[in-house]
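Take a look at the structure set out below.
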Amino acid sequence: MTTGAGTITRMDSDTLRDCCLAFAGAVEEFPFNAETSVFKVAGKMFALSALDREPLAVSVKCDPGLAIALRASYDAIRPGYHLNKRHWNTITLDGSLDDRMVCDLIEDSYDLVVSALPKRTRRALRWQPEM
């Protein structure tokens, strides 16, 4: 994203964390190590990031067809690092994608995970699929 002065702004770790935790039932856990934040809903991972790492990156779940299209369209999106590359993308937050797009991809990941949860859990989260 470019500001009026022509400089690139990048999503920071606080904004990334806020975006991930904005969804119903979302929690942050550290099952791998103290540096890697894993964002889950109902015990299922929808995003993960080493929030102190430079460059900052986040991995998100993605529909396999869309995952391939996004990788072909954006240099900052690549196959999921240490994840199932068919279902996960890693996004480098280098300023080339605007914050809204990054948050939308995180929301898509959350929706994919929640859509596979039992109906009772989806109701408890008050989740409504997009029509």
Side-chain angles (χ1 to χ4, degrees):
M1 168 171 17
T2 305
T3 66
T7 58
I8 295 176
T9 60
R10 294 181 293 166
M11 179 181 279
D12 63 22
S13 59
D14 290 334
T15 304
L16 176 58
R17 177 182 281 119
D18 290 347
C19 179
C20 290
L21 294 174
F23 306 105
V27 297
E28 180 180 18
E29 297 180 354
F30 300 88
F32 304 122
N33 58 50
E35 294 81 37
T36 305
S37 294
V38 176
F39 299 94
K40 296 181 176 184
V41 58
K44 303 292 184 184
M45 180 172 70
F46 69 90
L48 76 150
S49 178
L51 295 174
D52 292 331
R53 187 170 294 155
E54 283 293 327
L56 182 61
V58 62
S59 294
V60 295
K61 195 164 190 170
C62 194
D63 171 78
L66 179 58
I68 292 167
L70 288 167
R71 293 172 200 159
S73 299
Y74 301 98
D75 291 338
I77 300 177
R78 61 192 186 286
Y81 181 70
H82 286 299
L83 297 163
N84 181 329
K85 300 195 183 342
R86 179 172 156 76
H87 295 278
W88 288 85
N89 277 341
T90 296
I91 306 163
T92 301
L93 305 179
D94 60 3
S96 64
L97 304 175
D98 78 19
D99 291 2
R100 181 73 258 151
M101 181 177 181
V102 174
C103 286
D104 286 347
L105 292 169
I106 293 168
E107 182 177 17
D108 290 349
S109 180
Y110 172 89
D111 286 343
L112 274 173
V113 171
V114 173
S115 71
L117 295 173
K119 190 174 186 177
R120 170 185 278 182
T121 305
R122 293 192 312 262
R123 272 198 309 262
L125 293 168
R126 297 187 176 166
W127 178 79
Q128 295 292 322
E130 290 184 14
M131 297 294 168

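Under the 3.5 Å distance criterion, with hydrogens and angles disregarded, no donor-acceptor pair is assigned to the side chains of Thr15 and Asp18.
Connection of Leu48 to Leu21 is not established within any shared hydrophobic cluster, with ILVMFWY side chains joined at heavy-atom distances below 4.5 Å, either directly or through further cluster members. In terms of hydrophobic clustering, with Ile, Leu, Val, Met, Phe, Trp and Tyr side chains grouped at heavy-atom distances under 4.5 Å, Tyr81 and Leu56 are assigned to different clusters. In the hydrophobic cluster analysis, where Ile, Leu, Val, Met, Phe, Trp and Tyr join through side-chain heavy atoms closer than 4.5 angstrom, Val60 is grouped together with Trp127. Note: the hydrophobic cluster containing Tyr74 also contains Val58 (ILVMFWY, side chain heavy atoms under 4.5 Å, direct or indirect links). Criterion: ILVMFWY side-chain heavy atoms under 4.5 Å apart, direct or through other members. Under it, Leu51 and Phe32 are not part of a common hydrophobic cluster.
Here the closest heavy-atom approach between residue Ser49 and residue Ala57 is recorded as OG-O, 2.6 Å. Contact detail for Ile106 and Cys19: the closest heavy-atom pair is CD1-SG, 3.9 Å. Of all non-hydrogen atoms in Leu16 and Leu93, the two that sit nearest each other are CD2-CD1, 4.0 Å. For the residue pair Cys62 and Leu70, the shortest heavy atom distance occurs at SG-CD1, 3.9 Å.
You'll find the side chain of Leu105 stays beyond 4.5 Å of the side chain of Asn89, heavy atoms only. Using a 4.5 Å heavy-atom threshold, the side chains of Trp88 and Pro79 count as separate. Taking 4.5 Å as the limit, every side-chain heavy atom of Val41 sits out of range of all side-chain heavy atoms of Phe23.
Counting only residues at least two apart or in different chains, salt bridge (Lys or Arg N to Asp or Glu O under 4.0 Å) contacts with residues 78-89 are absent.
Separating the CD1 atom in Ile77 from the OG atom in Ser96 is a distance of 8.0 Å, to the nearest 0.5 Å. Between the CE atom of Met45 and the CD atom of Glu29 there is a distance of 11.0 Å, given to the nearest 0.5 Å. Put simply, SG on Cys103 and CG on Leu97 are 11.5 Å apart, with the number rounded to the nearest 0.5 Å.
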task = Take Ile91 and Met11 through the side chain to side chain contact (heavy atoms under 4.5 Å, CB included) test and state the conclusion after the steps.
result = CA-CA 11 Å; Ile91 306 163; Met11 179 181 279; over 6 Å; no

Please tabulate, for the side chains in residues 113-121, all donor-acceptor contacts under 3.5 angstrom to protein atoms that are two or more places apart in sequence or on a different chain.
{"residue": "Ser115", "atom": "OG", "partner": "Asp111", "partner atom": "O", "Å": "3.3"}
{"residue": "Ser115", "atom": "OG", "partner": "Leu112", "partner atom": "O", "Å": "2.8"}

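The aromatic rings of Phe39 and Phe46 sit tilted relative to each other, their planes meeting at an angle between 30° and 60°.
Other residues, nucleotides and ligands place no more than 12 heavy atoms under 6.0 Å from the CG atom of Asp75.
Here the side chain of Ser59 pairs no donor or acceptor atom with the backbone of Thr90 at under 3.5 angstrom. Checking side-chain atoms of Tyr110 against main-chain N and O of Ala47 turns up no donor-acceptor pair under 3.5 Å.
Evaluation of the side chain to side chain donor-acceptor pair (under 3.5 Å) rule for Arg122 yields no partner, not counting sequence neighbours.
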